[in-house]
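Structure, as structure tokens:
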Amino acid sequence: MNESKEFKPYIPADKVLPEITPVSIVLGILLAVLFGGANAYLGLRVGMTVSASIPAAVISMGVIRVILRRDSILENNIVQTIGSAGESLAAGAIFTLPALFMWAEEGGMETPSLVEIALIAFVGGVIGILFMIPLRTALIVQEHGNLPYPEGKACAEVLMAGEEGGASASTVFLGLGVSAIYKFIADGLCIFPSEVDFEIKSYKGSGIGIDVLPALLGVGYICGAKVSSYLLAGGTLGWFVIMPLIALFGGDAVIYPGTEPISTFNPSALWGTYIRYIGAGAVAAGGIMSLIKSMPLIVRTFRQAVKGFGAKAGVSNRTTQDLPMNFVFIGIGVLAVFMWLCPVIPVNLLGAVIIIIFGFFFATVSSRMVGLVGSSNNPVSGMAIATLLISTMVLKATGVIGMPGMIAAISIGSIICIIASIAGDTSQDLKTGFLVGSTPKNQQIGELIGVVASAITIGGVLYLLNAAWSYGTDQLPAPQAMLMKMVVEGVMNGNLPWALVFSGVFIAIVVEILGIPVLPFAVGLYLPIHLSTPMIVGGLVRLYFEKKKNENESERKRKVENGVLYSSGLIAGEGLVGIMLAVFAIINVGEDKSLGDVINISEKINLGNIGGLVFFAILTATLYAMIVKKKK
């Protein structure tokens, strides 16, 4: 408490610098759309998203300070505040909304309109920001020194680094360029397969593979060896223990939800038919357990928030100004009524009440969780699963059943998922602003600008990716949305293979008893092992430099940060080219061929699995080279 009172920001409260300017708004919106689209593709591909705050801050420094020769750190901060909002909104949207597209393809409903997606995203994003505003003093100011907010602190360090911003930005852009070229060669020209797969014939039911893609290498490096190893452990249990046992004991039997003899299934079919449900149970249990464990923190934050509501702020300077509380309360009330009465949003009065109650609850959880573990490790999907279980049961109990009930449940889950994601991002950005001396009110306006821009564009990204590959396919598995769809259908229709789901639940309980973090392990069990293997490569590269002997601490830190910046570029580059290839896939050039088919030269040049492994090794070598490069 005393530390927060004595804290002096980088820019003093009595000093006024440009913050919200036309340059910061335009550049921030561009970054919001860019990182929103890239993160949407990444999340739909691998089921995980990564915070864009750090790369947005770095690019902001590179463009504003180096290219435009402007020197307001607060203007840079507004750019990254607006830019990171796009990534967070995309993360919340892609975990749930693709389920509506999958139901449309199955013939259960019409495809959601762009207006519906935009309004759901807009409502969830704005409510998430409004819920976070009264929590700012309790979490950011009073808890300064207790909640580290890792990405918020990292962004502040980047912004305060001054001249180093340009060099750091070049590292991100280099990673982006390398990743873009690599992705185009792999999935555009198709010179080698982006998924290398091997079936182990002598150990029936098992298999191993690796998606040789830059984003996965980057995600593994950023998450580190520990988180990556938990993911791989979950995949190993599924692919080398459970699946071979199913193949051994199943034989020629036909076991629900399978419709053919187990002996005819290859490893991918075994995973899709059985392991996915076991993983779903483990993820759901992991999400609920993580919430239960954080209950003391939640209760304490609620108490502080209630005290904050009753206290009169007595604004004395620039760095303590929030958007007015009457604006916050009126805004939440208006949006609640809007959700209920707007015919485009499939939410009734009960649904709107559920959203407001659970929205504030999970906004509080998310805002504190990111302060402890960072935005990239925020268990938003676990919160969404808990919401879907409760809201679907409530809707079913009140007579809202069938497809209308499932659509309403997914819509409620989508809005709450976006609320939690945006609240976490807002708190991280406000921590950055607290450290550098920004005006909270201006940052909150910046967040609103980023949400509006991203809400308008996210529908187009979702439509584009669905038109190119369809959700639920090998090219775009949308694992989190598939999981949400399974949960809603299972509760509403009572047709889930509950034995498989509960086996996953008890696997999660065993993992918790052993003291292993449940959520990453459960996600690894739920996802194909092909996604865990490249991530562990990135994690091991980082571990090597973190544990390297005969090196001073500052040099070790510099090398690790080089890797984080380059990895951020790898993730952004693959996401952007992935969207470009999606555009190519839907451009018809005659004779039932798309532009994507035309650029595919795999029939003339195909390096096969070995080529894929060689290219991935070269990609890993570039990561190593960027980490050890000398500072100019």
Side-chain angles (χ1 to χ4, degrees), residues 39 42-43 46-55 58 87 91 148-155 157-158 168 171-172 175 179 210-211 213-236 286 290 369-381 424 428 511 514-525 527 529 531-549 551 553-572 574 616 619-624 626-628:
N39 232 24
L42 176 67
V46 305
M48 296 179 67
T49 57
V50 177
S51 172
S53 296
I54 295 173
V58 169
E87 166 269 322
Y149 284 98
E151 283 125 347
K153 187 175 181 181
C155 285
E157 289 175 352
V158 167
S168 300
T171 304
V172 176
S179 176
I210 177 172
D211 279 10
L213 292 171
L216 294 170
L217 180 68
V219 169
Y221 184 90
I222 290 174
C223 289
K226 188 170 286 187
V227 173
S228 299
S229 67
Y230 296 145
L231 286 158
L232 183 62
T236 302
S290 69
M369 289 292 283
V370 300
L372 294 169
V373 300
S375 298
S376 299
N377 300 315
N378 191 14
V380 170
S381 60
Q428 204 77 255
V511 170
L514 292 173
I516 299 170
V518 178
L519 270 178
F521 182 93
V523 170
L525 177 59
L527 295 173
I529 198 170
L531 304 179
S532 305
T533 43
M535 289 178 62
I536 194 65
V537 174
L540 290 174
V541 170
R542 177 165 182 165
L543 181 67
Y544 170 75
F545 285 100
E546 286 178 334
K547 299 296 183 181
K548 194 174 181 181
K549 295 180 179 178
E551 205 164 54
E553 187 62 31
S554 62
E555 181 66 10
R556 183 182 291 113
K557 182 180 178 182
R558 182 188 68 81
K559 288 182 176 180
V560 170
E561 288 177 350
N562 273 349
V564 170
L565 294 171
Y566 187 70
S567 296
S568 298
L570 292 180
I571 294 165
E574 180 179 332
F616 189 72
L619 180 70
T620 306
T622 68
L623 172 60
Y624 181 92
M626 289 304 301
I627 292 172
V628 300

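For the single chain, residues carry numbers from 1 onward in sequence order.
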Which atom of Phe616 lies closest to which atom of Leu213, heavy atoms considered: CE1-O, 3.8 Å

How long is the span from the CG atom in Leu565 to the CD1 atom in Ile627, to the nearest 0.5 Å? 10.5 Å

I'd like to check Leu623 versus Ser567 (side-chain heavy atoms, cut-off strictly below 4.5 Å). Are they in contact? yes

For Lys226, is the NZ atom crowded, meaning more than 12 foreign heavy atoms sit under 6.0 Å from it? no

To check you understand the geometry: which heavy-atom pair defines the closest contact between Ser228 and Gly220, and what is its length? OG-O, 3.5 Å

Do the side chains of Leu570 and Tyr221 get nearer than 4.5 Å, heavy atoms only? no

Cationic N near anionic O, under 4.0 Å, Glu561 to Arg558: no

Minimum heavy-atom distance Val564-Ile222, with the two atoms named: O-CD1, 4.3 Å

Using a 4.5 Å cut-off on heavy atoms from C-beta on, say whether the side chain of Leu217 contacts that of Pro534. no

Do Arg542 and Glu546 sit within salt-bridge range, that is, some charged N less than 4.0 Å from a carboxylate O? yes

Measure across Leu543 and Ala225 and return the closest heavy-atom pair with its distance rounded to 0.1 Å. CB-CB, 3.8 Å

Could you check Met626 against Asn562 for side-chain contact (heavy atoms from CB on, under 4.5 Å), going step by step and ending with a plain yes or no? CA-CA 7 Å; Met626 289 304 301; Asn562 273 349; 5.8 Å; no

Going by ring-ring contact (aromatic ring centres under 6.0 Å, His included), name the residues that satisfy it together with Tyr624, two or more places apart in sequence or in a different chain. Phe545

Quick check for you: to the nearest 0.5 Å, what is the distance between Leu525 atom CG and Thr236 atom OG1? 10.5 Å

So, for Thr533 and Ile536, which heavy atoms are closest and what is the spacing to 0.1 Å? O-CG2, 2.9 Å

If you measure from CD1 on Ile210 to CG on Leu216, what distance do you get to the nearest 0.5 Å? 8.5 Å

Contacts of type side chain to side chain donor-acceptor pair (under 3.5 Å), residue Tyr230, not counting sequence neighbours: none

Which pair of non-hydrogen atoms, one from Glu574 and one from Ser179, has the smallest distance, and what is that distance? N-OG, 2.9 Å

